[in-house]
Engineer: 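Pasting a structure below so you can have a look.
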Amino acid sequence: MAKITMTTPLVEMDGDEMTRILWQMIKDELLLPYIDLKTEYYDLGLEYRNETNDQVTVDSAEATKKYGVAVKCATITPNAARMTEYDLKEMWKSPNGTIRAALDGTVFRTPIQVKGIDPCVKNWKAPITLARHAYGDVYKNTEIKVPGKGKAELVFTAEDGTEIRETIHEFDGPGILQGIHNTDKSIASFARACFGYALDTRQDLWFATKDTISKKYDHNFKDIFQEIYDKEYKDRFEAAGIEYFYTLIDDAVARVMKAEGGFIWACKNYDGDVMSDMVSSACGSLAMMTSVLVSPSGVYEYEAAHGTVQRHYYKHLKGEETSTNSVATIFAWTGALRKRGELDGIKELQEFADKLEKATLKTIEDGKMTKDLAQITSLENVTVLNSQNFIKAIRETMEAL
């Protein structure tokens with residue numbers, strides 16, 4: 001069979017640790033035998049980010065703007081331990097945060113549902129999509145370790161030199177400070193992305209912050225969402241038979257646990273990071289969740305919602321066998337290939353993405369899966385496969401379809 005031809009490259013962002021190993025396995029077994037794969041490659045592994053002073057991350061984001069579709073492997077966001085382990089020049093920022101800021105996009109994360117893997121929350125009948133704001137807050141913060149007694153102030157200096165000044169705290173000893181920000185422009189983009197996605201998928205949209213405590217910062221999110229909804233989307237929501245409502249984040253959590261699913265839950269940056277992991281884990285595994293960053297200009301960046309699987313990587317380095325779930329990384333590739341096919345009018349590429357996803361789920365439903373799923377499946381007499389053999393099993397299933 002002739003390989004599927006691509007006309008426009010994908011932006012390919014390689015990553016770190018065990019997911020980097022899986023990345024190559026997926027390409028070798030599931031993609032390169034069937035597709036004349038065209039990518040513009042960027043190595044976002046921590047070593048090369050350090051070597052380039054993180055310029056490679058900026059370059060990959062710019063390439064994504066140029067080509068419109070990217071696929072990204074999981075990457076390390078360094079902490080103090082990583083500084084020593086990788087001999088880093090500095091503690092580089094989260095690559096995801098840098099890319100999200102460059103694209104001004106919103107992250108939509110949805111659990112991958114498969115027969116035999118039942119949600120821990122028994123009343124969840126349909127997937128809950130997390131819409132995560134992709135700019136600012138703690139991911140673009142400035143931090144200070146306060147050495148001792150003194151006064152901390154929040155100061156804004158306008159272009160004309162006038163100041164707004166507020167006392168944060170009178171320290172009587174050492175402590176810590178954190179400054180975060182957001183912009184009305186980014187919040188508005190977030191709101192429009194959420195409203196548009198809700199209309200496209202015909203799902204209710206929930207939005208939640210903590211405006212009762214954060215009466216200016218969080219309240220601003222709430223106000224911008226409501227203003228845009230009333231002016232631009234209310235009539236369209238009503239015509240589509242879907243609902244938008246705002247509630248406090250703690251109330252949203254309580255509602256979510258009792259809901260049946262099938263809606264979009266929009267959250268600020270950090271809330272979305274945490275809640276998407278909660279929803280994905282409750283649905284089976286952190287490796288069973290799709291993630292796509294969508295910019296207001298229609299640029300798409302697909303990735304797995306989980307991290308680099310550090311523990312398995314260290315086992316791999318010792319020559320020990322691992323059973324690492326690659327489903328979300330496979331679905332990152334299929335999402336990007338499908339979108340590339342849609343934008344370029346290549347039906348065969350879209351059909352290949354559909355077929356690979358179907359084969360991935362059928363492999364699990366046939367009782368062949370990685371250890372994380374085998375521990376929670378309701379299927380009987382399952383076969384636990386190692387990392388590579390699971391990917392090979394998916395190839396066998398796909399070729400039999």
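This structure is a prediction, so every number in the text was calculated from the model and none was measured.
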Engineer: For K371, enumerate each residue passing the salt bridge (Lys or Arg N to Asp or Glu O under 4.0 Å) test, keeping only those at least two apart in sequence or located in another chain.
Structural biologist: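 With neighbours one apart ignored, the set is empty.
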Engineer: Out of curiosity, F108 CZ to L130 CG, how far, rounded to the nearest 0.5 Å?
Structural biologist: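 F108 atom CZ to L130 atom CG measures 10.5 Å (nearest 0.5 Å).
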Engineer: Is it the case that atom CD1 in I376 sees more than 12 heavy atoms from other parts of the structure closer than 6.0 Å?
Structural biologist: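 Result for CD1/I376: enclosed.
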Engineer: Would you please name every residue forming a side chain to side chain donor-acceptor pair (under 3.5 Å) with K315, sequence neighbours left out?
Structural biologist: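 If we apply the side chain to side chain donor-acceptor pair (under 3.5 Å) test to K315, skipping adjacent residues, there are no hits.
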Engineer: Sort and list the pairs that fulfil salt bridge (Lys or Arg N to Asp or Glu O under 4.0 Å) and have at least one residue in residues 323-349, not counting sequence neighbours.
Structural biologist: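 The answer is R338-D354, R338-E357, K339-E342, R340-D344, K347-E351.
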Engineer: Could you pull out every donor-acceptor pair under 3.5 Å between side chains of residues 146-158 and any protein atom, sequence neighbours left out?
Structural biologist:
unit_1	atom_1	unit_2	atom_2	d
E153	OE1	R165	NH1	2.9

Engineer: With D204, which residues qualify under side chain to side chain donor-acceptor pair (under 3.5 Å), at least two apart?
Structural biologist: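 D204 satisfies side chain to side chain donor-acceptor pair (under 3.5 Å) with no residue once adjacent residues are dropped.
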Engineer: Quick one: side chain to side chain donor-acceptor pair (under 3.5 Å) partners of K89, sequence neighbours excluded?
Structural biologist: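 N53.
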Engineer: Quick one: which residue pairs count as a salt bridge (Lys or Arg N to Asp or Glu O under 4.0 Å) with a foot in residues 111-124, not counting sequence neighbours?
Structural biologist: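 Checked against salt bridge (Lys or Arg N to Asp or Glu O under 4.0 Å) - neighbours excluded - no pair reaches residues 111-124.
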Engineer: Please name all residues satisfying side chain to side chain donor-acceptor pair (under 3.5 Å) with S189, sequence neighbours left out, ordered by chain then number.
Structural biologist: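 Side chain to side chain donor-acceptor pair (under 3.5 Å) check on S189 returns D104.
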Engineer: Please identify each residue that fulfils salt bridge (Lys or Arg N to Asp or Glu O under 4.0 Å) with D251, with sequence neighbours left out.
Structural biologist: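 In terms of salt bridge (Lys or Arg N to Asp or Glu O under 4.0 Å), with neighbours along the sequence ignored, D251 is linked to R255.
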Engineer: Residues in salt bridge (Lys or Arg N to Asp or Glu O under 4.0 Å) with K258, at least two apart?
Structural biologist: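 Partners of K258 under the salt bridge (Lys or Arg N to Asp or Glu O under 4.0 Å) test: none.
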Engineer: Under 3.5 Å, sequence neighbours excluded: what are the donor-acceptor pairs made by side chains of residues 9-19?
Structural biologist:
unit_1	atom_1	unit_2	atom_2	d
E12	OE1	K27	NZ	3.4
E12	OE1	T39	OG1	2.8
E12	OE2	W23	NE1	2.9
E12	OE2	K27	NZ	2.9
D14	OD2	Y41	OH	2.7
D16	OD1	L46	N	2.8
D16	OD2	R49	NH2	2.9
D16	OD2	I76	N	2.9
E17	OE1	R82	NH2	3.0
E17	OE1	T308	OG1	2.6
E17	OE2	R82	NH1	2.8
E17	OE2	R82	NH2	3.3
T19	OG1	D16	O	2.7

Engineer: Holding to salt bridge (Lys or Arg N to Asp or Glu O under 4.0 Å), I want the full list of residues that pass it with D271, two or more places apart in sequence or in another chain.
Structural biologist: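 By the salt bridge (Lys or Arg N to Asp or Glu O under 4.0 Å) rule, D271 matches no residue at all.
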